[in-house]
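All values below were derived from every heavy atom in this structure, side-chain atoms included, with hydrogens, water molecules and symmetry-related copies excluded. Counting starts at 1 for both ligands and their atoms, following the listed order. All of these numbers come straight from a predicted model, not from anything done at the bench.
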Amino acid sequence: MSAPQPANHPAQINPDDYYFYHTIDLPGLGEMKGEWDLRAFADDYIGHVDLRDKRVLEVGAANGFLSFHMEKKGASVISYDLSPDLDWDMVPYAHKDGAAWSPMRKNHLRKLNNAYHLSHSLLNSKAQLVHGTVYAIPESVGLVDVSTFGSILLHVRDPFLALQQAARITRETIVITEILDNNRQKIINSLFSWLSTGTVRKIRHKLLGPSMIFRPITSIGHPEETWWHLTPELLEQFLSVLGFGDIKISYHKQFFAEHNATKLMYTLVANRTVPRQPA
Ligand SMILES: C[S@@+](CC[C@H](N)C(=O)[O-])C[C@H]1O[C@@H](n2cnc3c(N)ncnc32)[C@H](O)[C@@H]1O
């Protein structure tokens, strides 16, 4: 005989009301499939930072898989994300009707927030969800030991301002994970394959180096919600300007379930080297 389900564990949910960005296992519901499945390599994604007894701010938590994962690692987590009342930085293509996106975006955020709340409840999480934009993290969040930016800086028009906002309230460490623009790397690698690996790395650094590549393509009006390919070297410079100069970069693959493919990503773990200025 199977164990009775506690009353707050629904047997099924209406898919029109929930959006799972991350695949997540939920008691009573099983596996909820999302765009990304980070379950196998979640520790790589968060840079293996020791989170025991740390106060952590996850900027852009979506349906919360990483917040709940970090909580399991001993962190006390504040999950931060937009609500339907707040604006996503859409790319304002002049030839497209930007206003038409707004209801769709609001509905998406409503479903994403619902998925967070449902997961939070079924996992008995103590994480706190705070709504706001990256550009105005409220004072009420207080100071945190660690802030994480997983796959969000590519979606915001001003990634430096976003980081600056979190840096002012972060005591120890900022973790950033982004997708690697592997295509450009591959082109450079193949063009210069006759040179030594060290020389190719130097060329790659000179050509891509600390740069942000603008992704919107006017002719196809796509992407609408993604702005940049940010190189690890650029983020290293941003972070050191902000006083987080002790930086380690690692590379890992994550499963992009939507395309049934793995994607190469990188994670920067940046520790404070300049003391925080009191507000
Ligand atoms: C691609 S998801 C990343 C989720 C998770 N951090 C991860 O690494 O898998 C980006 C998240 O950032 C949020 N987001 C996008 N723009 C934002 C903004 N301007 N302010 C706050 N959150 C934002 C989105 O709602 C979404 O949940």
Taking the non-hydrogen atoms of [X], is any one of them nearer than 4.0 angstrom to ligand 1?
{"X": "L112", "value": "yes"}
{"X": "W88", "value": "yes"}
{"X": "E225", "value": "no"}
{"X": "T177", "value": "no"}

What about [X]: any of its N or O atoms under 3.5 Å from an N or O on ligand 1?
{"X": "Y45", "value": "yes"}
{"X": "H22", "value": "yes"}
{"X": "H155", "value": "no"}
{"X": "L109", "value": "no"}
{"X": "V134", "value": "yes"}
{"X": "A61", "value": "no"}
{"X": "Y135", "value": "no"}

Expected output: side-chain [X] to main-chain [Y] donor-acceptor under 3.5 Å:
{"X": "T231", "Y": "G209", "value": "yes"}
{"X": "T148", "Y": "G150", "value": "no"}
{"X": "H155", "Y": "D89", "value": "no"}

Cut-off 3.5 Å, side chains only: do [X] and [Y] have a donor facing an acceptor?
{"X": "E35", "Y": "Y19", "result": "yes"}
{"X": "N63", "Y": "S119", "result": "no"}
{"X": "R110", "Y": "N113", "result": "no"}
{"X": "H69", "Y": "D43", "result": "yes"}
{"X": "Y116", "Y": "S79", "result": "yes"}

Among [options], closest by any non-hydrogen atom to [atom]:
{"atom": "atom 17 (C) of ligand 1", "options": "D158, L82, D89", "value": "L82"}
{"atom": "atom 3 (C) of ligand 1", "options": "A136, A62, G150, S83", "value": "G150"}
{"atom": "atom 4 (C) of ligand 1", "options": "G60, S79, G132", "value": "G60"}

*Could you list which atoms of ligand 1 come closer than 4.0 Å to a heavy atom of E58?*
5 (C), 6 (N)

*For ligand 1, which atoms sit closer than 4.0 Å to a heavy atom of L66?*
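In order of numbering, the contacting atoms are 7 (C), 8 (O), 9 (O).
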
Checking a contact table here: which protein heavy atom is nearest [atom], and how many Å away?
{"atom": "atom 10 (C) of ligand 1", "answer": "S151 O, 3.6 Å"}
{"atom": "atom 14 (N) of ligand 1", "answer": "I152 CD1, 3.7 Å"}
{"atom": "atom 27 (O) of ligand 1", "answer": "D81 OD2, 2.6 Å"}

_Please report whether the ring centroid of F255 lies less than 6.0 Å from that of W36._
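When the ring centroids of W36 and F255 are compared, they turn out to be at least 6.0 Å apart.
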
*Could you see which bit of Y21 sits under 4.0 Å from ligand 1, with heavy atoms only: side chain, backbone, both or neither?*
side chain

*For residues F65 and L38, determine if any side-chain heavy atom of one lies less than 4.5 Å from a side-chain heavy atom of the other.*
yes

_Ignoring hydrogens, what is the shortest heavy-atom contact between E225 and V91? Give both atom names and the distance._
N-CG2, 4.5 Å

*Is the closest basic N to carboxylate O distance between D87 and R105 below 4.0 Å?*
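Salt bridge between D87 and R105, a charged N being under 4.0 Å from a carboxylate O: no.
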
